[in-house]
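Here is the structure we will look at, set down as structure tokens.
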Number of protein chains: 2
Amino acid sequence: MAVNKKMEFAADDLALAEFARTLSHPARVAILKTLAEKQTCICGEIVDVLPLAQATVSQHLKELKTAGLISGEVEGVRSCYCIDWASIEAMTARMEAFLAALKALKPDSTCC
Amino acid sequence: MAVNKKMEFAADDLALAEFARTLSHPARVAILKTLAEKQTCICGEIVDVLPLAQATVSQHLKELKTAGLISGEVEGVRSCYCIDWASIEAMTARMEAFLAALKALKPDSTCC
DNA sequence: CTGTTTCATCGTATATTTGCGATATAATTA
DNA sequence: TAATTATATCGCAAATATACGATGAAACAG
């Protein structure tokens with residue numbers, strides 16, 4: 001794009017879009033699921049679960065971390081990642097507020 | 001990317017990611033909000049609300065339509081768009097199921 | 001019929017995302 | 001110390017996404 005217009009949108013819309021963007025790749029969705037399942041915060045086990053190379057998985061993990069949805073700690077040779085539940089809670093609230101606000105405006109009759 | 005690996009993920013994860021992708025741009029979030037607010041399905045009024053050119057808005061509308069979240073009808077010279085509530089409902093359910101499933105696995109103690 | 005309005009689509013430029021091999025780094029093991 | 005293991009990061013290639021001017025098409029007004 002010639003110019004990035006994203007700054008000109010409402011902060012709320014931007015925040016929701018940011019969260020949505022983080023979930024917009026199935027690998028990241030799968031990573032979150034995997035991290036939640038294995039209570040014990042795993043590391044490269046994630047690589048085994050996904051059909052992607054290690055470097056690519058590491059990149060997706062970084063994105064999730066940057067978005068604040070997960071946190072990571074170095075544990076000797078391995079890295080231990082886990083879900084940041086407070087962040088998930090906050091983002092869930094934002095998403096649900098958006099969807100609820102939409103539905104609150106749903107008209108009785110369909111117009112088209 | 002050399003190859004598109006998206007096909008190799010679970011259908012559920014793909015569907016959620018697709019929905020998230022549609023919401024991953026603030027313009028599309030704003031369009032949905034606007035369509036919900038103005039009960040009367042507007043057309044190019046959306047262009048006036050957004051800081052984007054007509055061609056760009058039209059493109060975002062097309063994406064929302066392709067995703068099934070809105071439907072559009074030609075009304076003489078103008079186009080009338082409106083939210084596809086059934087689709088919004090379905091996607092909401094999917095998103096909430098995902099987030100609920102995650103939270104159901106939240107451990108009592110934080111591990112890292 | 002001609003000009004206008006409203007919107008979709010095409011073509012293009014640029015930015016971002018995705019993916020991976022190669023390589024660097026750091027702890028671990030032999 | 002040297003080889004091994006687990007990850008992160010770099011650099012590149014290819015795919016997508018974003019944005020918009022220009023142009024096309026269809027309805028409408030005069």
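Every chain is numbered from 1, with letters handed out A, B, ... down the list of sequences. Because only heavy atoms are used, hydrogens play no part in the values below, and waters and symmetry mates are left out as well, while side chains stay in.
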Nearest whole Å is fine: how far is [N] [atom2] from [X] [atom1]?
X: Leu50(B); N: dC20(D); atom1: CG; atom2: P; result: 11 Å
X: Tyr81(A); N: dA8(D); atom1: OH; atom2: C1'; result: 8 Å
X: Leu52(B); N: dC7(C); atom1: CG; atom2: P; result: 16 Å
X: Arg21(A); N: dT18(D); atom1: CZ; atom2: C1'; result: 14 Å
X: Glu45(A); N: dT5(D); atom1: CD; atom2: P; result: 17 Å
X: Arg78(B); N: dT5(C); atom1: CZ; atom2: P; result: 12 Å
X: Glu18(B); N: dT17(C); atom1: CD; atom2: P; result: 16 Å
X: Lys62(A); N: dA6(D); atom1: NZ; atom2: C1'; result: 17 Å

Is there a side-chain contact between [X] and the phosphate of [N], meaning an N or O under 4.0 Å from OP1 or OP2?
X: Thr56(A); N: dC20(C); value: yes
X: Arg28(B); N: dT18(D); value: yes
X: Lys5(B); N: dC20(C); value: yes
X: Ser58(A); N: dT9(D); value: no
X: His60(B); N: dA17(D); value: no
X: Asn4(B); N: dT16(D); value: yes

* Among all residues two or more places apart in sequence or in another chain, which pass the salt bridge (charged side-chain N to carboxylate O under 4.0 Å, His left out) test with Arg21(B)? ->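 In terms of salt bridge (charged side-chain N to carboxylate O under 4.0 Å, His left out), with neighbours along the sequence ignored, Arg21(B) is linked to Glu18(B), Glu63(B).
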Nearest to the side chain of [X] - [options]?
X: His25(B); options: dA19(D), dT9(C), dT7(D); result: dA19(D)
X: Ala53(A); options: dT18(D), dG21(D), dG21(C); result: dG21(C)
X: Cys43(A); options: dT9(C), dT7(D), dT18(D); result: dT7(D)

* Does a salt bridge link Asp84(B) with Lys65(B), judged by any charged N lying under 4.0 Å from a carboxylate O? ->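 Looking at Lys65(B) together with Asp84(B), the answer is no, because their closest N to O distance does not fall below 4.0 Å.
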* To do: Assign each of Val77(B) and Val74(A) to its nearest nucleotide of DNA chain C by heavy atoms, then name whichever residue's nucleotide is nearer the 5' end.
  => Val77(B)
* Asked: Would you say the side chain of Gln54(A) and the base of dA6(D) hold a donor-acceptor pair, judged only by whether the two atoms sit under 3.5 Å apart?
  -> no
* **No-H, no-angle donor-acceptor pair, Gln59(A) side chain to dC20(C) base, under 3.5 Å** => yes
So, does [X] use its side chain to make a donor-acceptor pair with the main chain of [Y] at under 3.5 Å?
X: Thr56(B); Y: Leu52(B); result: no
X: Ser58(B); Y: Gln54(B); result: no
X: Ser87(A); Y: Gly68(A); result: yes

* To do: Looking at every strand, decide which applies to Leu61(B) at a 4.0 Å heavy-atom threshold: base, sugar-phosphate, or nothing.
  =>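 Counting heavy atoms under 4.0 Å across all strands, no contact is made by Leu61(B).
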* To do: Tell me which of Gly76(B) and Pro51(B) sits closer to the 5' end of DNA chain D, going by the nucleotide each one is nearest to.
  => Pro51(B)
* Mind telling me whether His25(A) and Phe9(B) have parallel, tilted or perpendicular rings, with 30° and 60° as the class edges? => perpendicular
